[in-house]
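First the structure, in the form of structure tokens, and then the observations on it.
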Amino acid sequence: MEFRREPNPNRNHPTHCPYCASTALFPDTEGDFAWNCRECLRVFSVLFHGQNAAPAPAAPAPSSAQALADSLRRRGHTPGGN
Ligand SMILES: [Zn+2]
């Protein structure tokens with residue numbers, strides 16, 4: 001007889017009940033993703049389905065020297081000037 005289950009890597013941990021905002025949440029035996037709110041007595045599930053791809057890839061970040069030069073230029077300073 002085995003008492004301990006394998007950990008569920010897809011289980012998420014809500015910080016507040018979505019119905020009453022209570023923080024008195026405990027895992028429930030209803031399912032692998034179920035939580036029990038001890039204040040409003042609701043049992044609900046939180047399941048992570050994945051993450052959508054970004055609509056456009058992020059622009060490459062400039063180097064620190066380039067970012068400094070761009071910042072100075074935006075403020076009216078000339079490179080190598082005063
Ligand atoms: Zn609740």
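Predicted model only: the values in this text are computed from it and were never measured.
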Report yes if the side chains of L47 and F33 come closer than 4.5 Å at any heavy-atom pair, otherwise no. yes
pair S22-C40: side-chain heavy atoms closer than 4.5 Å: no
Side chain to side chain contact (heavy atoms under 4.5 Å, CB included), paired with F44, selected from N36, D28, L25: L25
Those residues that, when tested against R75, pass side chain to side chain donor-acceptor pair (under 3.5 Å) (two or more places apart): S71
Among all residues two or more places apart in sequence or in another chain, which pass the side chain to side chain donor-acceptor pair (under 3.5 Å) test with S45? none
Return the minimal non-hydrogen interatomic distance between [X] and [Y], and the atom names on each side.
X   : Y   : answer
V46 : N12 : CG1-CB, 3.8 Å
R38 : L41 : O-CD2, 3.8 Å
E39 : A24 : CG-CB, 4.3 Å

Can the positive tip of R42 be found less than 6.0 Å from the middle of the six-membered ring of W35, inside 45° of the ring normal? no
Would you list the atom pairs, donor with acceptor, under 3.5 Å between side chains in residues 59-66 and any protein atom, with sequence neighbours excluded?
unit_1: S63; atom_1: OG; unit_2: Q66; atom_2: N; d: 3.1
unit_1: Q66; atom_1: NE2; unit_2: D70; atom_2: OD1; d: 2.7

Determine whether a donor-acceptor pair (N or O, by modelled atom type, separation under 3.5 Å) exists between the side chain of R11 and the backbone of D32. yes
